[in-house]
Amino acid sequence: MKLLLHIALGHLLARKRQTLVSMMGVAMGVGFTIAMSSLMEGSQRDFISRIVDNMPHVTLKDEFRANPAQPVDLVYPKGAVALKGVKPKDEIRGIKAPWNKIAALETMPGVRVAPSLHAQIFLSFSGKDVAVNLLGIDIERERRASRIEEDISTAGGLTALESAANGIIIGKGLASKLGVQMNDTLTAASASGVVMKMKVVGLFHTGIISTDNGQAFALIKKAQILADRPNVINQMRIKLTDPMQAIEIAAKLEQRWGYRSESWQESNEGLLGAFVIRNTVMYITVSAILIVASFGIFNVVSTVVFEKTRDIAILRSMGFEPADIRGIFLLEGFLVGLLGALLGWALGFGLSQILGMVRFNIKMMTEVQGFILHSTWIHYTMSGGVAALSATLAAWLPANKASRLKPVEIIRGAA
Amino acid sequence: MTTGAAIEARKLARILPGLIPVTLVDGIDFMAKPGELVAITGASGSGKSSLLYLLGLLDEPTSGSVIIDGIDSASLTDAQRTHLRLERLGFVFQFHFLLPEFSVLDNVCMPMKKLNALPEQAQAERGRMLLKDLGLEGSEKKLPEQLSGGERQRVAVARALANAPSILLADEPTGNLDSKNSHAVFDIFRRLTRQDGKTIIAVTHDQELASACDRQVHLADGQVV
Ligand SMILES: Nc1ncnc2c1ncn2[C@@H]1O[C@H](COP(=O)(O)OP(=O)(O)OP(=O)(O)O)[C@@H](O)[C@H]1O
Ligand SMILES: [Mg+2]
């Protein structure tokens, strides 16, 4: 092995420029892979952590996944009877016995719960109407289980809701849409016909446009009055100490109470699915780069084999086996791949640093003013490993050809 | 089995298959004893190189056999034949075939490294000694391209001798050399057979060099005449 390495290195060192060029090919492949994947990983992690930070980990709603079974089905479960046009009895929507459930949830370790009533209302001010999703909340619990208070820039935070008879906290985007300012009084109307004057006691800015432009907070009691749904709670937003338990806990809750309980993963299925597609696209792009790099290696090893036929013949006549010859050229491919990968690591690291320093000034987009990068050792080992492996594979064909050369034929031709 | 022959060929034939088969070697019986320096002569195309490749196990005969130190090569596998070449046979060709990327000493040590019978230190030691024997002291670190033709050929001889083979096969080793260098190479051959008891079979066109050998074998049309 040492001898083969010695010969392989000799061949490569005698062709420094060619070797360097194909090494650069590999390095670019590996470098871009690392930079791109850390970019992807960074934005993905950032996105997920935003979801995990800002959204409930489990949302329990006053809905059921399946429509309730009708009496006739209950009596004749397998009967050949079908009733059509059944008008189910109107049920009062909302989670039944909510406070018992909240108490039960609060005994579970690592679980914080924020109950709320969600209601669609209209806010109007100086002739402008905007449809808004109003959350009636419990201040203490809201504080523990959500982060909305951090985004309230005005004095008193959530407590300000208690400062007025009918206080409301709205998003800054909504405020500018309506043209209201702090302490202005606007009119709130619900679908049930209740109309209420409400005073803006706070403003928030989350950075999520749909929330900033379409959400408002009030005390749960006021929301229940406005929606004309006394004592109703229709959502429980649950935060977990370990967000990764969300799926499990959601399933448990749904099984226990029957209400639809969504984990954050389920709520964001579409987005998480998009990440899979995005990553697939990235890996395809990156493999394409590596395939191109492999051609470079194939080229350099083929050239060396072609130029070295005489040397191969003399080595064989000396007593080197075909496997030794193959080994020499495979090693050459592997070495180019390995050194290229090392160079690519440096390149990838450098690129990541540069990308990490880039700053943009796009106001509308997000809070982020630059790329978020996150690279793990997996990116490095994977790209390096794939590069070294594909380099060796690229060398396989010419190496195998070299091992099958017949020394007599070459010597006969050369003599 | 044999009468002390170092190398022996029996009814050796090599026919290149093809649309029109070409007979390279046509039923040759041949043997060389330890310490013998044999010259093979003959016109161009008479099959001298072909015979040498067969004797050196580089090529496989169509029929007949080659026996080296009592071992019939036909009974060996490819790998065993390769190993036999490594241990007991040395080749020198008209072209030196030195590896251009490696130093003179590296080139000489290459077969020793492959065989790996000596510790590394001893390999280099032996390499230096061989080079010194062939009058190449001081050239160890040079690259082949920095040597003259005659020097290169002597390096090739040193390399062929690296694993102390009992048989040296030389195909027109002086074909590219002037008369002075040619004589130098044959003097080395002479010494190797006399002093070390090696068997050397050398193809040459030079009648003067051939007649200085122990014996001449003349080929024509793939046959001994
Ligand atoms: N691959 C081949 N295909 C066809 N004919 C070949 C081939 N190799 C050798 N020959 C023929 O075989 C014969 C013997 O060749 P060989 O090289 O053994 O001769 P030689 O005695 O060494 O000649 P020279 O003195 O020119 O080296 C020649 O007639 C040559 O043309
Ligand atoms: Mg010849």
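First the proteins, then the strands, lettered A, B, ... as listed; each starts at 1. Computed from a predicted model, the values in this text were never measured in an experiment.
A side-chain donor-acceptor contact under 3.5 Å links B:R85 to the backbone of A:R316.
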| said: Using side-chain contact (heavy atoms from CB on, under 4.5 Å), reason through B:M110 and A:I314 one step at a time and then give a plain yes or no. | reply: CA-CA 11 Å; B:M110 210 60 88; A:I314 193 67; over 6 Å; no

| message | Show, in sequence, the C-alpha distance, side-chain angles and deciding distance for A:I411 and B:F95, and conclude whether the side-chain contact (heavy atoms from CB on, under 4.5 Å) test is met. | response | CA-CA 9 Å; A:I411 292 169; B:F95 181 75; over 6 Å; no

| So A:L13 and B:E101, side-chain contact (heavy atoms from CB on, under 4.5 Å) or not? Walk me through it. | CA-CA 8 Å; A:L13 288 175; B:E101 296 91 355; over 6 Å; no

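Atom CG of B:D221 has 12 or fewer neighbouring heavy atoms from other residues, nucleotides or ligands inside a 6.0 Å radius. A:E307 CD: more than 12 foreign heavy atoms inside a 6.0 Å radius. Counting heavy atoms of neighbouring residues, nucleotides and ligands inside a 6.0 Å radius, atom CZ of A:F275 exceeds 12 of them. Counting non-hydrogen atoms of other residues, nucleotides and ligands closer than 6.0 Å to CD of B:Q207 gives a total above 12.
When each of B:S50, B:P100, B:G56 is checked for heavy-atom pairs under 4.5 Å with chain A, B:P100 comes out on top. Of all the listed residues (B:D106, B:N163, B:N116, B:N176), the one sharing the greatest number of non-hydrogen pairs under 4.5 Å with chain A is B:D106. Ranking A:L315, A:D324, A:I7 against chain B, the residue ahead of the rest is A:I7, based on heavy-atom pairs under 4.5 Å.
A salt bridge does not link A:K406 with B:E60: every distance from a Lys NZ or Arg NE/NH1/NH2 to an Asp or Glu carboxylate oxygen is 4.0 Å or more.
Relative to the ring axis of B:Y53, A:R412 does not place its NZ or CZ within 45° and under 6.0 Å from the centre.
With rounding to the nearest 0.5 Å, the separation of OG in A:S317 from CG in B:L86 is 10.5 Å. B:F97 contributes atom CZ, which lies 10.5 Å from atom CE of A:M318 (distance to the nearest 0.5 angstrom). To the nearest 0.5 Å, atoms CG (A:L4) and NZ (B:K113) are separated by 11.5 Å. Here the straight-line distance linking atom CZ of A:R310 with atom CG of B:L99 works out to 12.0 Å at 0.5 Å rounding. To the nearest 0.5 Å, atom OG1 of residue B:T82 and atom CZ of residue A:F320 are 11.5 Å apart.
The contact between B:L24 and chain A is made entirely by side chain atoms (from C-beta outward), counting heavy-atom distances below 4.5 Å. For a residue to count as touching a neighbouring chain, one of its non-hydrogen atoms must lie under 4.5 Å from one of that chain's; by this rule B:R81 does not touch chain A.
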